[in-house]
Amino acid sequence: MRLPSTLFLGLLLLSIGLLQSCSSLSPTSSASKIPVYAWDGGLNDKTDDEVLQTLSDWKAKGVDTLMYNGGQDPADYARIGKLAEAAGLGLHAWIPTMVQKPRPELKPEWYAVNRAGESAYDKPAYVPYYTFLCPNEPGVYQFLEELYTSVAEVEQVAAVHLDYIRFPDVILARGLWDKYGLVMDKEYPKYDYCYCDRCTSGFEEQSGIDIKSVEDPTQVQAWKQYRYDLITSIVNRLAEQVHAQDKRINAAVFPGPHSVAKRIVRQEWDQWDLDQVFPMLYNDFYLEDVEWIGEMTAEGVEALDGRASLISGLFICPDPKSKARQPDPENHGLIPEELGAAVQVSMDNGAAGICLFTPGRMTKKHWRALRRAIYR
């Protein structure tokens, strides 16, 4: 049966429209792609060819921006940044903030002190690298300002990324208690910072309260707020300096902010003058499921109220087959069957993208699951 010419033309146009619609959802279309960031490091000692091959591979698999931990030398970020640009990736310089190894330019008295009177300089909590500085020390801020400004000046760096911008965990995430043999049902003196003379005298001058004479300092809300404000102040001052270089600034933060970050690491990050926040939504650390990732994303987006965008940080399981047998939560994380759902609940609850920790932990099945999830 011969179709009328007008009907034939209509069906032809409809077919073309459907093909164009399907094409717009294909992996070759960037317009419908969820932004993907990735935390990683360890490239400084590799050759240019090795770095370019690695970064090009990640780009082909869906990564858009590398959050690169390359130390503190601006020259390293310039080199890796040029290679990232050649691979089609953006580069953010990922540099720890309050955690700094002792060195001559950092005085021992600049390190944070716990309620037991121990300094993180020589008696750090939990692990040897927890050498936290005190955010109340003028010399600490000056050191950090010079560091971040020098890196922000690098042409290839689109943004600086603050990490460990907090106090030590006064309470560990529940999934880590067994690892460290602890029951953290309250704030114990060994993990409660900072009680240095500058912090305690500054609080007394502000509030009239001698916190060292209080029977239970953990119940003094003004003392908690004082320490939130110390971290907020250092972030916002750094943000002003980085923005003056016409660069963006963002940070890796704990979930929340209200349900977790404020409670366990003194981060009131919804008050920070950042362009983006990257909550580390590592659900296994909190003995939670994938739906919790969506809940924490929603809480963060609501708290930010449009002042900054939120990127959901997702923790990848490096060996899915052995996850159930691994006692250390740091060997847990999202298996391939969970990754797509984690991306979906993040985006459904207002995230502006996702960040992988780390591409090196991704298996072939992870990459396939990611590819299905990020093209809408």
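Counting from 1, the numbers follow the sequence of the chain as shown. When reading the values below, keep in mind they use all heavy atoms of this one structure, side chains included, and skip hydrogens, waters and symmetry mates.
- Of the possible polar contacts, one joining the Tyr77 side chain to the Gly70 backbone as a donor-acceptor pair under 3.5 Å is found.
- Comment: Glu204 does not engage Lys212 in a salt bridge, judged by the lack of any side-chain N to carboxylate O separation of less than 4.0 angstrom.
- Remark: the backbone N or O of Pro318 is not paired with any side-chain donor or acceptor of His366 at under 3.5 angstrom.
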Salt bridge (charged side-chain N to carboxylate O under 4.0 Å, His left out) between Arg307 and Asp273, worked out
CA-CA 8 Å; Arg307 293 185 300 274; Asp273 295 335; over 6 Å; no
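- One hydrophobic cluster, built from ILVMFWY side chains closer than 4.5 Å, cannot hold both Leu281 and Leu287; they sit in different ones.
- Annotation for Gln221: atom CD counts as buried by contact number, over 12 foreign heavy atoms lying within 6.0 Å.
- Annotation for Lys59: atom NZ counts as buried by contact number, over 12 foreign heavy atoms lying within 6.0 Å.
- Relative ring orientation between Phe357 and Trp94 is described as perpendicular, the plane-to-plane angle rising above 60° on a 0-90° scale split at 30° and 60°.
- The main-chain N or O of Ile171 is never found under 3.5 Å from a side-chain atom of Asp169 such that the two would form a donor-acceptor pair.
- No side-chain heavy atom of Tyr121 sits less than 4.5 Å from a side-chain heavy atom of Leu133.
- Annotation for Glu302: atom CD does not count as buried by contact number, only 12 or fewer foreign heavy atoms lying within 6.0 Å.
- For Tyr193 and Phe132, the ring centers are positioned 6.0 Å apart or more.
- Side-chain contact between Tyr126 and Leu182: present, with at least one pair of heavy atoms (C-beta onward) separated by less than 4.5 Å.
- When side chains are defined from C-beta on, His258 counts as touching Asp270, because their heavy atoms get closer than 4.5 Å.
- Annotation: side chain of Ser207 is not in contact with side chain of Trp223 (no heavy-atom distance under 4.5 Å).
- Scanning all heavy atoms of the two residues, the minimum distance from Pro329 to Gly175 falls at CG-O, 2.9 Å.
- Distance NZ/Lys33 to CD1/Ile374: 4.0 Å, rounded to 0.5 Å.
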message = Set out, in order, the CA-CA distance, both residues' side-chain angles and the distance that settles side-chain hydrogen bond (donor to acceptor under 3.5 Å, both in side chains) for Tyr286 and Asp289, then state yes or no.
response = CA-CA 9 Å; Tyr286 300 90; Asp289 60 15; over 6 Å; no
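- Across Asp122 and Pro124, no two heavy atoms sit closer than the pair C-CD, 3.5 Å.
- Residue Asp216 qualifies as enclosed at atom CG: its count of foreign heavy atoms under 6.0 Å is above 12.
- Using a 30° and 60° split on the angle between ring planes, Tyr130 and Tyr164 fall in the perpendicular class, above 60°.
- For NZ of Lys61, the number of neighbouring non-hydrogen atoms (other residues, nucleotides, ligands) closer than 6.0 Å is greater than 12.
- When all heavy atoms of Leu91 and Ala84 are compared, the pair lying nearest together is CB-CB, 4.5 Å.
- Annotation: side chain of Asp319 is not in contact with side chain of Asn331 (no heavy-atom distance under 4.5 Å).
- The distance from atom CG of Leu66 to atom NE2 of His161, rounded to the nearest 0.5 Å, is 11.0 Å.
- Because its NZ or CZ atom is both nearer than 6.0 Å to the ring centre of Tyr141 and within 45° of the ring axis, Arg237 counts as a cation-pi partner of that residue.
- Interatomic distance, Arg372 CZ to Arg368 CZ, rounded to the nearest 0.5 Å: 7.5 Å.
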Problem set entry | CA sep, side-chain torsions, deciding dist, call: Arg266, Glu187, salt bridge (charged side-chain N to carboxylate O under 4.0 Å, His left out) | CA-CA 12 Å; Arg266 320 294 191 196; Glu187 298 183 8; 3.1 Å; yes
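- Side-chain contact between Leu172 and Ile264 is absent, with no heavy-atom pair separated by less than 4.5 Å.
- Note that CD1 of Ile335 and CD of Glu337 are 4.5 Å apart. Values are rounded to the nearest 0.5 Å.
- A donor-acceptor contact closer than 3.5 angstrom links the side chains of Gln142 and Glu146.
- Heavy-atom minimum distance, Phe254 versus Gln267: N-OE1, 2.9 Å.
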Applying salt bridge (charged side-chain N to carboxylate O under 4.0 Å, His left out), run through Lys82 and Asp48 and close with a yes or a no. CA-CA 10 Å; Lys82 290 175 183 176; Asp48 286 4; over 6 Å; no
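- With salt bridges taken as basic N to acidic carboxylate O contacts below 4.0 Å, none links Asp73 and Arg79.
- The CD1 atom of Ile354 lies 8.5 Å from the OG atom of Ser312; values are rounded to the nearest 0.5 Å.
- Considering NE2 of His332 and OG of Ser322, their distance stands at 8.5 Å, rounded to 0.5 Å.
- Closest heavy-atom contact between Pro279 and Val277: CD-O, 3.3 Å.
- For the pair Arg115 and Tyr191, the cation-pi test (distance below 6.0 Å, angle within 45°) is failed.
- Between Ile95 and Tyr148 there is a side-chain heavy-atom pair separated by less than 4.5 Å.
- Within 6.0 Å of NZ in Lys107 there are 12 or fewer heavy atoms belonging to other residues, nucleotides or ligands.
- In this structure, Tyr68 has its ring center no closer than 6.0 Å to that of His92.
- In terms of modelled atom types and a separation under 3.5 Å, the side chain of Asn283 and the main chain of Glu288 share a donor-acceptor contact.
- Contact detail for Val51 and Leu43: the closest heavy-atom pair is CG2-O, 3.6 Å.
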Requested in this report: Would you please test Asp49 and Lys46 for salt bridge (charged side-chain N to carboxylate O under 4.0 Å, His left out) and show each step?
Outcome: CA-CA 8 Å; Asp49 287 345; Lys46 296 184 181 296; over 6 Å; no
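- Inter-residue side-chain proximity for Trp39 and Leu356 is flagged as unmet; no heavy-atom pair is nearer than 4.5 Å.
- Sparse packing is recorded around CD of Gln53, with 12 or fewer heavy atoms of other residues, nucleotides or ligands lying under 6.0 Å away.
- Heavy atoms from other residues, nucleotides or ligands lying under 6.0 Å from CD of Glu240 number 12 at most.
- Put simply, the residue from Lys262, Arg263, Arg227 that forms a salt bridge (Lys or Arg N to Asp or Glu O under 4.0 Å) with Glu268 is Lys262.
- Between Gln100 and Thr131, the side chains place no donor N or O within less than 3.5 Å of an acceptor N or O (distance only, hydrogens not considered).
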